[in-house]
Amino acid sequence: MSAQAAKRITDIGPPHYDKFLHPVIKKNYGKWVYHETLAPGVLCHVAESGDRIYTVRAGSPRLLSVQTLRRFADLADKYCGGHLRFTSRNNVEFLLDNKEKIEALKKELNELGFPVGGTNNAISNIVHTQGWVHCHSSATDASGIVKAVMDVLYDRFTHEDLPAKLRVALACCLNMCGAVHCSDIAILGIHRRPPKIQHDVLSKVCELPTLISSCPTGAIRTKTVDGKQSVEVVEEQCMYCGNCYTVCPAMPMNDPENDGISIWVGGKVSNARSAPKFSKLAIPYLPNNPPRWPEVVRAVVNIVDVYAKNAKKFERLGEWIDRIGWPRFFELTGIPFTRYHIDDFKHAGLSYARSAHIRF
Amino acid sequence: MSAQAAKRITDIGPPHYDKFLHPVIKKNYGKWVYHETLAPGVLCHVAESGDRIYTVRAGSPRLLSVQTLRRFADLADKYCGGHLRFTSRNNVEFLLDNKEKIEALKKELNELGFPVGGTNNAISNIVHTQGWVHCHSSATDASGIVKAVMDVLYDRFTHEDLPAKLRVALACCLNMCGAVHCSDIAILGIHRRPPKIQHDVLSKVCELPTLISSCPTGAIRTKTVDGKQSVEVVEEQCMYCGNCYTVCPAMPMNDPENDGISIWVGGKVSNARSAPKFSKLAIPYLPNNPPRWPEVVRAVVNIVDVYAKNAKKFERLGEWIDRIGWPRFFELTGIPFTRYHIDDFKHAGLSYARSAHIRF
Amino acid sequence: MADDQKPKTKLLDELEKGPWPSFVKEIKQAGEKSPVCDDLLGQLELSYEEKKGHWKHGGIVGVLGYGGGVIGRYSDLPDKFPNVAHFHTMRVNQPAGWFYTSDAIRTLCDIWERHGSGLTNMHGSTGDIIFLGTKTSELEPAFKELTEAGFDLGGSGSAMRTPSCCVGPARCEWSCYDTLKTCDDLTRQYQDEMHRPPFPYKFKIKCSGCPNDCVASIARADLSIIGTWKDDIRQDDAAVAQYARAGLDIRKDVCDRCPTRCMEWDGQKLAINNRECVHCMHCINVMPKALRPGQERGATLLIGSKAPIVQGALLSSVLVPFVPENELMDTLKELIRRIWEFWDEYGNNRERVGELIQRVGMANFLDAIGLDPAPEMVAAPRDNPYIFFQKEEAAAEPEPAGA
Amino acid sequence: MADDQKPKTKLLDELEKGPWPSFVKEIKQAGEKSPVCDDLLGQLELSYEEKKGHWKHGGIVGVLGYGGGVIGRYSDLPDKFPNVAHFHTMRVNQPAGWFYTSDAIRTLCDIWERHGSGLTNMHGSTGDIIFLGTKTSELEPAFKELTEAGFDLGGSGSAMRTPSCCVGPARCEWSCYDTLKTCDDLTRQYQDEMHRPPFPYKFKIKCSGCPNDCVASIARADLSIIGTWKDDIRQDDAAVAQYARAGLDIRKDVCDRCPTRCMEWDGQKLAINNRECVHCMHCINVMPKALRPGQERGATLLIGSKAPIVQGALLSSVLVPFVPENELMDTLKELIRRIWEFWDEYGNNRERVGELIQRVGMANFLDAIGLDPAPEMVAAPRDNPYIFFQKEEAAAEPEPAGA
Ligand code: SRM
Ligand code: SRM
Ligand code: SRM
Ligand code: SRM
Ligand code: SF4
Ligand code: SF4
Ligand code: SF4
Ligand code: SF4
Ligand code: SF4
Ligand code: SF4
Ligand code: SF4
Ligand code: SF4
């Protein structure tokens, strides 16, 4: 090792992107005029100069071994002069300047088990989180459900046959690291029982004022248990958000019998046509049923299918529901409407139907 | 007096409406097919039977002397077989079965000083409240402002030349007896200083717990003043709603220097096209300037004129603003946008612009 | 009172000018017979000068056996304006739809000239006939004459208020239920609740025959009854064509303004996708000769609107999406009973029913009054994941049908 | 490790089947070289059997001098799965736009094979390269090799997070500012705030080149930078006509879906009323060859989005309607400084900046950071009359211009 390398380097940030850009991109940076889709997963961007850059997008499980990454690197070398990128939904994109090489690349990717697609009105990758693979908070797994769902939605990834983009996201607890709250379909891990308080250690590992103020509904009160300072949870006021556990390990939420999945629909992020919107509750609870979560898969596929069949061109899922109305959404999907669908948190009143606009 | 009359009669309710209906109405009750407008203020409803009932609507100050009422009764006798009604906006309607008599009736009404109009896309009467004529709560007068405004909007009452209906309402305090909160233009009396507490009588005339809990922002705290149980108001937390005064006379709000008028726009009640909506703040404060409140009159007329000039056919004021956006509304009307326009009450966050939809 | 004794009303006199009918003229006119009006004018002129009101806070007065219907009012300058030292108003149940004969009007005038200021509001914001200003001693005599003439008082305080209704079937082709009958029936049904305040706070009912909502029920009534229809809009194609010929731009003015865009006009034929119609009335309003509400009629019931105090204004929200006209009265009575029962038990002092629902949550309210949750009740399902699962359900949830 | 020692993963094996690429395969593949992965699989299989996670709550670990960038993670069954007794992740700043060369990828792989599980997330939800699982003793060596290779850690805890950006000008014709440069500049600028948690809570920045918002900035960033333009949409009429000829129904698919209906298509010519355009991108998305954003480009700055905990999810809301591209970096730096100053002083522990604004009110926040209120900041002005008038203003209000 050199003398310089021995010095501890800090606060340098990432390598400058410039080093990693494809030469065609570097040359035409900011000078793109339009794009075309050549096939699902294959885009062509045309620059003012007339130059073209081709993109081949492949689905990824996001959780990648170095072995697979090296295989991607090899493909990039073979087809792209060593250039690739990842997308904001964790797909991998190969950047080519030679249209002729596209088919061969697609073939190799398919052989390696990486489907090409996810563009335009396909279902793209499911943005997701850690689940049982790496997080202490999870009410469910992440990668397993994603795999089970995408196995069944596979053709929706490789074909662009939906009325519009459809974004699925998953978060394994209410912290929502997958930021699922604005997704066409959100799969959200939830608890359904209050924390089980570990009175014996609580005051040792947690700060009581922080703990008490962490509860959005004020359900936590101090209590002395067996002579030790601890807390109690007013069960009626607890809606199982787990925020107390985030600040205090002595409030574990895990409960195999009661943890599970809720399904949310109709959110979006883009400003295209309608403003961004939050996803709304479709199904309050489905059980955790590893390894393939059949109830969850069925629920998601059902919603996708009903949407695909009924929505008009350019209607995102939430825009479709806005047109047909929520009653019809529940009718068409066969999902029961329950007391849980009616908001009762802070702004609940604003979610009531405050007009006589009704479809029969 | 007869023996029967001597007995105290109670709980009989109003006379049955049936007794008061015009014979043509009685005959065609529930059997109307369509209507036409013959002139501003003059409607013709056609029944299945082919019968027609003609309505002549006249503007009223609502505060009516028995003398004027008797004059209305005389007109009803002369032209309507004794039949008249009032509208939900306090206009008077004469009901005729003879088209020929309409012009003569209109002429008499005009001579008596009662304008005919208020239908369709005219500005109808201003729904209003008591003001200094009869209420203890008022931050302003009611009838005086209505008179001053309608004097200037007179032609808008007698002509139907607006893009759509335009409803003006006035309430003299935040209790909003005029229910102005869903009006195209709302004129609302407001206070701008906290109550002046009468410590000497407070505990005698008011219940402290009721008083304290009456404050929407929790601004009222118990305090002992000169040895007497009383309260204090945390000034920073008081937004001058006057609810404490409603429950406790020892908290008067009146303040000639600071009381005045705020102007709200874009509300509606009907479900036609868009859902009902609340009026939104346009001008936070205008001074009380009796007898003719010139600032208020100018403000209302300005908004009406800008709307009349810019809105499309069938666009209610709020629908017009929805299309052009609030920034343009403030630009076109020349009204300054201030910190007061930004909500800071319960649901404030939901009123922020949560999209990148911006007009430049 | 001699003319030169009349109060000087320099400011108010300004309001006799101008084309709109003048309330000052009305007061002066009544003043010709009633000295009360002179003092009213005097005090009002003072208010105009000082920019503040001169009425004292409330005061409970009324007629024998009634807890409501009169608003007590006292001048804070009784020495200066002795004739309005007392100046109470009486709220009188209006006849449904505000229909009168000239005789009825004259009867009312006579009573109020004898026992009050001779000033009225036709009508108050809630809908009552307002007899504006009298003294305590005249309340009972006025009441006696009123009831003898077939009139009765309305509500005030923590009581039911006089229901009101739009002109409806009496003169409107769009009325989807009998608003006058409903309003009248309800007024009669709840005389006791109106006259003997039994509630945590006031309760208002308003009846509109169709979604145009000409009595503003959705903004101003604890219970809003809005007529609507369930089947298809009745359509007369010939009349549609006639509107087009007469110059109406059907695509722009009708189809493009339909909130769900469920109408198509191809230049020849208007096609309405009635399954997507939200019954907003717009197309019918624009083409009254060509389009009419369907024939399966009834009403939507909505709950909870009110003015801003305390927790912000509310609009009523859907409680029962559709009640057929012939079931309306029975449904209303049963529902009102259950709502009042719940409100009685759980409502705080001065808490309107809409505020109570906000506080306890719609789902709990529905439980309490025995209604099932329906998606029509919400603009959208919840967007926050803060669900209070019911104890018995956790650990034993069946898979929902649609899953 | 011999093959027969591999853990039995009956349930997980099911997830090797099916067409979508399998994360189980990935773990097994990495397991060929790293025993860590076997224990990960073993513990995960147990989670699948028991339907619960087996990680302990948090734990603070890191590299020297940094307070963030590593997520401490410990198994709650360390005896059973000793190789994942520690299983920390390292968050590594991704290069802007997630562009790599094959060499860079290989470098990362080599480092992580040497010092960790050989498992990654490409990428984490915030955008970092995630090195998934290593033990405490390997953190510092891994860090050393990373920095030597030109990489650095991202943020965690109450710190700035690695900003992220859409592909922008690198490959998108719609980018209205240089998202990569902005993202890279910001990442470099705030290395200190990223590595030494100075805040009440986390702070995220995301950069999207246009309102399509391909990095979901409006939903997932405390500061959302969304490209937009101020002048007219560039329009190529010939290309419009070509779309029409090719079968696009311009009226239905473009004009009727424009949120403000500011476009007219008469079958020949497309007319856009650009004053009413809200820059939603729809028409441009549908006709990329015919329509393009204007040339007066820049960005809208929005503030405050976040996930639901504690007071409900937030979307970012408009803070600065438009910053020209050439002023963007300076404006951002100044604004961020002021925002952080205010948040530092007034933010509660674990209070995101969006929550703080909700708590103190937007107007007060604007005052504090020195911005004037603008109507673009609100969807609509307030609808409740609960206005806190400022003391000095009451009693001395000038008449507003428009009155
Ligand atoms: C590569 C990527 C950006 C990146 O830096 O990684 C990207 C790239 C493009 N987006 Fe995107 N978007 C990307 C994530 C997003 C996201 C973020 C997300 O999904 O989390 C959104 C917001 C989604 C939402 O609203 O929930 C997004 C909303 C759009 C839209 C608006 C769609 C709509 O109608 O709502 C367009 C326009 C269109 O597709 O017509 C769009 C259009 C495009 C175009 C066509 C832009 C262009 O001219 O190059 C690019 C290829 C489109 C495609 O995939 O069909 N892109 N795009 C992201 C690919 C993710 C993936 O692997 O699938
Ligand atoms: C007489 C009255 C009912 C009553 O029982 O007294 C009434 C009567 C009619 N209304 Fe109304 N409306 C009456 C108050 C209302 C109100 C309530 C209010 O103003 O406080 C509303 C809700 C206003 C709002 O949204 O803020 C109302 C919203 C409508 C609408 C919907 C207008 C819209 O586009 O939003 C229509 C339809 C139309 O005009 O095209 C309508 C239509 C009608 C029709 C044409 C119905 C018919 O076929 O007979 C009637 C004559 C119309 C006219 O005045 O132009 N009426 N109408 C009320 C007259 C008040 C007045 O003196 O001006
Ligand atoms: C007379 C009338 C105004 C008018 O000029 O027409 C009126 C006058 C008063 N109202 Fe009202 N309200 C009148 C209709 C309304 C309406 C409109 C409506 O009913 O459609 C509202 C808004 C709708 C609602 O109920 O929310 C209304 C909302 C209030 C409130 C606020 C209630 C609330 O829950 O927010 C108060 C305060 C209170 O009850 O303590 C109030 C209180 C009052 C009091 C009794 C003053 C008080 O604080 O005690 C006023 C007596 C004035 C006087 O001396 O004559 N008045 N009040 C209306 C009744 C006439 C009638 O019976 O026909
Ligand atoms: C790794 C990652 C999920 C992933 O699989 O990609 C992640 C993982 C964790 N997040 Fe997250 N968050 C991750 C992106 C997000 C996002 C999405 C985003 O940044 O766009 C969000 C929603 C957006 C937001 O910030 O609001 C998010 C909202 C949270 C929250 C809730 C914060 C809030 O204000 O509501 C917590 C709770 C906390 O901070 O105490 C949280 C906490 C956590 C912790 C540290 C668990 C905890 O309670 O301490 C998780 C560590 C898991 C582990 O062991 O690896 N994570 N977290 C993401 C970071 C990777 C990266 O650096 O690229
Ligand atoms: S969503 Fe919850 S469980 Fe999943 S990674 Fe984030 S904090 Fe952990
Ligand atoms: S889980 Fe959430 S609601 Fe329940 S006690 Fe903990 S913080 Fe409070
Ligand atoms: S609005 Fe206020 S001041 Fe006016 S009548 Fe009603 S309670 Fe009295
Ligand atoms: S005026 Fe309103 S905010 Fe002020 S102290 Fe009284 S009740 Fe509270
Ligand atoms: S509410 Fe409907 S039915 Fe009643 S008068 Fe108005 S338009 Fe006619
Ligand atoms: S009533 Fe309204 S929603 Fe129904 S078709 Fe007519 S315009 Fe459309
Ligand atoms: S956000 Fe806009 S500029 Fe960025 S990639 Fe998406 S479409 Fe292109
Ligand atoms: S960008 Fe959106 S708002 Fe602007 S013209 Fe196009 S479709 Fe309409």
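Reminder, nothing fancy here: chain letters follow the sequence lines and each chain counts from 1. Being a predicted model, the structure only gives us computed values, none of them experimental.
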Got a second to check how far [X]'s [atom1] is from [Y]'s [atom2], nearest 0.5 Å?
{"X": "S351(A)", "Y": "D383(C)", "atom1": "OG", "atom2": "CG", "answer": "8.0 Å"}
{"X": "I324(A)", "Y": "C262(C)", "atom1": "CD1", "atom2": "SG", "answer": "13.5 Å"}
{"X": "N384(C)", "Y": "K280(A)", "atom1": "CG", "atom2": "NZ", "answer": "11.0 Å"}
{"X": "M377(C)", "Y": "F337(A)", "atom1": "CE", "atom2": "CZ", "answer": "8.0 Å"}
{"X": "T228(C)", "Y": "H357(A)", "atom1": "OG1", "atom2": "NE2", "answer": "10.0 Å"}
{"X": "I387(C)", "Y": "D343(A)", "atom1": "CD1", "atom2": "CG", "answer": "10.0 Å"}

Among the options I226(C), N364(C), D231(C), N274(C), pick out the one with the most heavy-atom pairs lying under 4.5 Å from chain A.
N364(C)

Which of D213(C), L366(C), D367(C), V360(C) touches chain A most, by non-hydrogen pairs under 4.5 Å
D367(C)

[X] versus chain A, the contacting section by heavy-atom distance below 4.5 Å:
{"X": "T300(C)", "answer": "side chain"}
{"X": "L302(C)", "answer": "side chain"}
{"X": "L314(C)", "answer": "neither"}
{"X": "D372(C)", "answer": "neither"}
{"X": "C277(C)", "answer": "backbone"}

Measure [X] against the heavy atoms of chain C and call it side chain, backbone, both or neither at under 4.5 Å.
{"X": "L281(A)", "answer": "both"}
{"X": "S262(A)", "answer": "neither"}
{"X": "L174(A)", "answer": "side chain"}
{"X": "I190(A)", "answer": "side chain"}
{"X": "Q237(A)", "answer": "backbone"}

Kindly indicate, with the supporting measurements, whether the criterion side chain to side chain contact (heavy atoms under 4.5 Å, CB included) is fulfilled by Q358(C) and Y352(A).
CA-CA 10 Å; Q358(C) 303 268 321; Y352(A) 302 166; 3.8 Å; yes

More than 12 non-hydrogen atoms from neighbouring residues, nucleotides or ligands closer than 6.0 Å to [atom1] on [X], yes or no?
{"X": "E235(A)", "atom1": "CD", "result": "yes"}
{"X": "K204(C)", "atom1": "NZ", "result": "yes"}
{"X": "K196(A)", "atom1": "NZ", "result": "yes"}
{"X": "Y346(C)", "atom1": "OH", "result": "no"}

[X] side chain near [Y] side chain, heavy-atom distance below 4.5 Å:
{"X": "F388(C)", "Y": "D344(A)", "value": "yes"}
{"X": "P381(C)", "Y": "F330(A)", "value": "yes"}
{"X": "M176(A)", "Y": "P385(C)", "value": "yes"}

In terms of heavy-atom pairs under 4.5 Å with chain C, which of A356(A), P327(A), A282(A), S279(A) leads?
P327(A)

Taking the side chain from R382(C) and the backbone from Y340(A), do they hold a donor-acceptor pair closer than 3.5 Å?
yes

Is a donor on one side and an acceptor on the other found under 3.5 Å between the side chain of H279(C) and the backbone of I358(A)?
yes

Salt bridge check: are R261(C) and E315(A) linked by an N-O gap of less than 4.0 Å?
no

Taking NZ, NE, NH1 and NH2 as the nitrogens, is one of them in E276(C) or R359(A) under 4.0 Å from a carboxylate oxygen of the other?
no

I'd like to check the ring pair (Phe, Tyr, Trp, His ring centres under 6.0 Å) partners of Y240(A); sequence neighbours left out, ordered by chain and number.
none

Going by the angle between their ring planes, with limits at 30° and 60°, are F345(A) and Y386(C) parallel, tilted or perpendicular?
perpendicular

